[in-house]
Amino acid sequence: MDLKEVEKKWQKIWEERKLHEFDYGNISSKLYVLEMFSYPSAAKLHIGHWYNYGPTDTYARFKRMQGFNVFQPMGFDAFGLPAENYAIKTGIHPKDNTLANIATMREQLKAIGGMFDWSAEVVTCMPDYYKWTQWMFLQLYKNSLAYRKEAPVNWCPSCQTVLANEQVIDGSCERCHAKVLRKNLTQWFFKITAYAEELLEGLDEIDWPEKTKLMQRNWIGKSVGGEIEFKTENGDSFKVFTTRADTLFGVSYVVLAPEHELVDKLTAPGQREAVERYKFQSAMTTEIDRMSTVREKTGLFLGSYAIHPLTGEKIPIYIADYVLVSYGTGAVMGVPAHDERDFEFAKKYGLPIKRVIKGEEGKDELPFVEPGVLVDSGEFSGMGSEAAKDAIMEKLKTLGSGQKKVNYRLRDWLVSRQRYWGAPIPIIHCPRCGEVPVPEEDLPVELPYDMVFTPDGQSPLAKCEQFVNTVCPKCGAPAKRDSDTLDTFVCSSWYFLRYPDAKNSQKPFDSELINKMLPVDKYVGGAEHACMHLLYARFFTKALRDMGYLNFDEPFKSLVHQGVILGPDGNRMSKSRGNVVSPDTYIEKYGTDIFRLYLMFGFSYIEGGPWNDDGIKAVSRFIDRAEKIVLKAFSMEGSKQIGPAERDLDCVKNYTIKQVSADLEVFGFNTSIARLMELVNAMYKYDQESQKDAEFFKACARDLVLLIAPFAPHFAEELWEMIGGPFSVFKQRYPKCDEKALVRDEVEIAIQVNGKVRARVNVPSQLDREQLEKYVLTLQQVEELAQGKPVKKVIAVPGKLVNIVL
RNA sequence: GCCGAAAUGGCGGAACAGGCAGACGCAAAGGACUUAAAAUCCUUCGGAGAUCCUAUCUCCGUGCCGGUUCAAAUCCGGCUUUCGGCACCA
């Protein structure tokens, strides 16, 4: 079969016959299968796209053949930094470049032969999409879930521009190598923390990989404790968050983040210069370095003191870069006797180490970080840690200097970008009225085309007069548009809601329809999105639900991560490493069916691994063998009584049906294909029989074509036509397993002696545990193995083994 | 550094909830067919050893060290290496 011709032929027919369009008349049997949409930073699909879309399409086709009305849309996540950087480098406009890339990728995606419903395509950089991204922003704004505050950005003092983390290499600008600073800018945030608790609890309800849920749990980072207020000598006050209020009497210093708002005020005159220097140093250190637990702790005494809220002692105030403004209150209390980090810090700066928690007898070593019994803690001495936490927080509450608090590591989501290629933020800044949302009827706020991208210290849009100058929708006075654009994660936080109603020009989506189409039944994409995209999408869903637009709580009922295909050298594929493998050469040679089949057969889907094309010929051979035996069966004549050979083949066939169906449910493509190979092998074996039953063999061959169809769609469609099947093979039902055919009279089990396999025997398959034990002990072989030693114990596992302990 | 994963023959990978390690393939070797090659088909294929030396048996073997168990690739403790993420790549 000329697979490449066959692929073209069926792609054309499928498109003409609209085989892949979703049937909106039959939503009750819908199955929403979604792959993460692609980012068109380069024109061509890479192996990663193929690995995501090919196998998932096999799953979708399998589900379709099981009778589901499958909705599998595709689109493009088209805004983002790389297109803009490319424009700065080459002068090609991001829009032109992006749209050209999309056009190429769309054709390639069609050539994969996936059953994508292109009538539902979305492209996030088009005004008919980002209009609704802006609408989303306005709804969050109206519901007090969008707000502005100051936050640090990476700032290159030489390029005069904000840098993405990716553009900072070892603390320097990737373009000019100047030292990067952190600088504060006023920026928009989404209040994802308002949903922290629900985002945490919702994880229990969804069918996601445990590791992903665990990562999200840790990312949200709930800790239960208290906020304790420390007053300073000059009457200011600040709060610290702690989970160990029981150690409060052991506090010997407090530490503020260098960026803490009170630092300047609390700095003694003699310390000012040193403090400035320290602040500058920390501004140049990355957060990852600052959080390192092995890096030597540094800090600086500010020269002023706080007052201990219970003892009234004077406590020195330090700044240290291991304290982050973005976590908790940006200040911590130092309890050297009961915290590793504080212990280290106190030893380095000669601070008192005061033990206030006693452990069991003999556990005298410091730091002692476990719970215990309080000592030297005034009225609380003698209490256990847990009780003391409560009691101390209660006491602080009556004094007005503390309260219990749940703290989350999760921070609000910074969505402002000082860049061009994104959805403009639909806010107008009026000198009189302040920040005014753009009225919904004025959306979209269109991104102007004629632009200068050269970085010079401002957002590109701020320099575009015709964009930035407008009038206040409230008072009509001259006003300025917000010149920042939205993080592209905002676009991708709701695209799955747009797909089923992608052409709606009145609303982002029709709630009634979306409530029937969602949640997504199977979402497939990379694990690298575990904490950000997947969390943001959940947040959007919950926020829209609370606004009344949706009636479900979670966007993705079930989630699968494909693994990463690495370069042949085991490293991540990258141009700079020169280890990029292009799918195109393989498709040129073998066609898309063989390529996707190999991706499924050569790797464990969830694991991925280094690229290696050793097995690609094998799947090509498998397809040839399958074709040959199917055509041979259909050219056969003759009949006979169904005998052992037929029963054997029937058993293999039904076992294959059962295993393939079960493995596909869990994306076990490699084992599914292995089972299909076994079936083909069994058919060749049957073909050796001197007497065959043609009708039986044809039925088996017909089932084989159906079984292969989701894996090699074009090939199977062609073969189906050749054996006289009606259009289309994908309108047929996937074969079902006949359990009766699987029943065998005898089953081989292993005989173990003291846990080592000594023999294999056939036993009647229907024996239960006790019967099996008795049966095996009567065997002569077993007597020989026991060599007259007394049998101490027998463990029988029906269908598997019998272990005899002597 | 922190969070999350992974490690199985020469190679890709199987092994469902602790129950026969190596399914299915690749590569390799031998053979059949052929004038020859390709293709195809058949056989062997973790390591070491023993024997009445090619379907008989023994020992070792799932990254490393230890433990639990009648039984561990699988569970527990401690390492090593590799991969994903760490909030402005998406």
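Just so it is clear: chains get the letters A, B, ... in the order the sequence lines come, proteins before strands, and each one is counted from 1. These figures come from a predicted structure and were not determined experimentally.
- Less than 6.0 angstrom separates the ring centroid of Y51(A) from the ring centroid of Y605(A).
- A 3.5 Å limit on both hydrogen-bonding distances identifies G1(B) as the Watson-Crick or G-U partner of C86(B).
- Among the atoms of the strands shown, none is found under 4.0 Å from any heavy atom of R182(A).
- Residue G608(A) is classed as a sugar-phosphate contact, given heavy-atom separations below 4.0 Å to backbone atoms only.
- Proximity note for S604(A) (side chain, C-beta onward) versus C24(B), G13(B), C70(B): the nearest is G13(B).
- Note on V757(A): only backbone sugar-phosphate atoms sit closer than 4.0 angstrom, heavy atoms only; bases stay farther off.
- Aromatic pair F345(A)/Y322(A): ring centres closer than 6.0 Å.
- The partner of G77(B), taking Watson-Crick or G-U wobble pairs whose two distances both stay under 3.5 Å, is C65(B).
- Within 4.0 Å (heavy atoms only), F601(A) reaches at least one base atom of the nucleic acid.
- Y86(A) and N97(A) form no side-chain donor-acceptor contact under 3.5 Å, judged by distance and modelled atom types alone.
- Aromatic pair W50(A)/F595(A): ring centres closer than 6.0 Å.
- None of W494(A), F489(A), F496(A), F190(A) except one satisfies the ring-ring contact (aromatic ring centres under 6.0 Å, His included) rule with Y536(A); the exception is F489(A).
- Aromatic ring centroids of F669(A) and F667(A) lie under 6.0 Å apart.
- Residue contacts for L801(A): at a heavy-atom cut-off of 4.0 Å it reaches a base atom on one of the strands shown.
- As judged by a 4.0 angstrom heavy-atom cut-off over every strand, N681(A) is placed among residues touching the sugar-phosphate backbone only.
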| request: May I have the step-by-step check of salt bridge (Lys or Arg N to Asp or Glu O under 4.0 Å) for K191(A) and D412(A), ending in yes or no? | output: CA-CA 5 Å; K191(A) 208 186 256 172; D412(A) 277 340; over 6 Å; no
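- Among the heavy atoms of the strands, none lies under 4.0 Å from A530(A).
- Comparing A27(B), G4(B), C11(B) by their closest approach to the side chain of N612(A) singles out C11(B).
- Distance from the side chain of K628(A) is smallest for U40(B) among the nucleotides U40(B), A27(B), C70(B).
- Distance from the side chain of R621(A) is smallest for U40(B) among the nucleotides U40(B), G13(B), C3(B).
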| task | Using a 4.0 Å heavy-atom cut-off, write out nucleotides 80-90 of chain B from 5' to 3' as B (base contacted by protein), S (sugar-phosphate only) or - (no contact). | result | ---SBSBBBBB
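- Distances from the side chain of N670(A) to the nucleotides G13(B), C70(B), C3(B) place G13(B) closest.
- No engagement by K792(A) is indicated, since no non-hydrogen atom pair under 4.0 Å with the nucleic acid exists.
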